[in-house]
Amino acid sequence: MTVTTPCQEWSDGLVRATDEVAREALSITAGCRRVGEAEKLSLQMSGAYLALISPEVQMQIGIAAGRGDCRRLAGALMMMEAGDPELTDSVMADAFGEIVNILAGSLKQVMDSRYRGLTLGLPTMIHGHISPNDRQDLQVTQVALGEIEAYLVVLMNKS
Amino acid sequence: MKILIVDDSKAMRMIVKRTLKQAGYGDATMSEATNGREGLDAVKADAPDIVLCDWNMPEMNGIEFLRALRAEGNDVNFGFVTSEGTTEMRQQAQEAGAAFLISKPFTANDFSENIAAAVS
């Protein structure tokens, strides 16, 4: 029998939330498709992370991608059109932070029936991989948002 | 019309402005602030017709900003544009005097309907 850990449960919820956000906020009609699990992120990845905290759970969720795909996701959120000036690094980081912010809001709704009172932190952009300690579980899920390759990250304290 | 956009994210302020244009407010005068504290100053300086404000911001968040405005007797039209829109948040927003709460992701239609109702 397969046992689903809390980290996997949140990761599944994050994939569902990302599918909704991809379609509605990023205008990616294909939504979000799970490709598989990854052991960890590569050092070339950049990601936006945000804390979700309640009396029961403490975690960070994130979305990471290579530089080109980060720009494509940020551009999708910003409704960039052909001929628009390229996003500066700071606006790109800001937009990527907004994506994880919207993801967290959506995830909160997805998980609301079981976890109430979740508080959202402020997003942070981080380059490279995440190293869990002995008291943390890490789940990295590779997903495809249309033609964009991204990784969804859940890092949570073991209960 | 004068619209004040309060959000700590520059990207989000750009998105809100673009959505406002899509919603038919391209001729509006839009000003910006990055948190509630700056928003308070901007409301006093610019007397906007409506404030569109994020909830989760450093220094002074959106609900604190709205309560500070009302405590000063300022009844400017005020709407939230936030990442989450829980029942509790909507209730708090309404009790504090917000006209609406639009949660992301949003559409130009969400903007036009809510703003038109608020300023009418």
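We use all heavy atoms of the structure for the numbers below, so side chains are in, but hydrogens, waters and symmetry mates are not. All chains are named by letter (A, B, ...) in the order of the sequence lines, taking the proteins before the strands, and each is independently numbered beginning at 1. Remember, predicted model here, so these are calculated numbers, not experimental data.
For the atom pair CZ (B:Arg18) and CD (A:Glu81), the distance works out to 5.5 Å, reported to the nearest 0.5 Å. Between the CG atom of A:Asn101 and the CG atom of B:Asp54 there is a distance of 7.0 Å, given to the nearest 0.5 Å.
Among A:Leu87, A:Asp84, A:Val21, the residue with the largest count of heavy-atom pairs under 4.5 Å with chain B is A:Asp84. For chain A, the option among B:Met14, B:Glu88, B:Met57 with the highest count of heavy-atom pairs below 4.5 Å is B:Met14.
At a threshold of 4.5 Å between non-hydrogen side-chain atoms, the residues B:Lys104 and A:Glu24 do not count as touching. Taking the side chain as every heavy atom from C-beta outward, A:Asp94 and B:Met12 never approach each other to under 4.5 Å.
The part of A:Glu98 that comes within reach of chain B is its side chain, from C-beta onward, which places non-hydrogen atoms under 4.5 angstrom from that chain. For A:Val91, the parts lying near chain B are the backbone and the side chain together; criterion is any non-hydrogen pair under 4.5 Å. For A:Leu77, the parts sitting under 4.5 Å from any heavy atom of chain B are the backbone and the side chain alike.
Minimum interatomic distance between A:Leu120 and B:Asn56 (heavy atoms only, all atoms of both residues): O-ND2, 3.4 Å.
Around atom NZ of A:Lys158, more than 12 heavy atoms belonging to other residues, nucleotides or ligands sit under 6.0 Å away. Under a cut-off of 6.0 angstrom, the local environment of CD in B:Gln94 is sparse, with at most 12 non-hydrogen atoms contributed by other residues, nucleotides or ligands.
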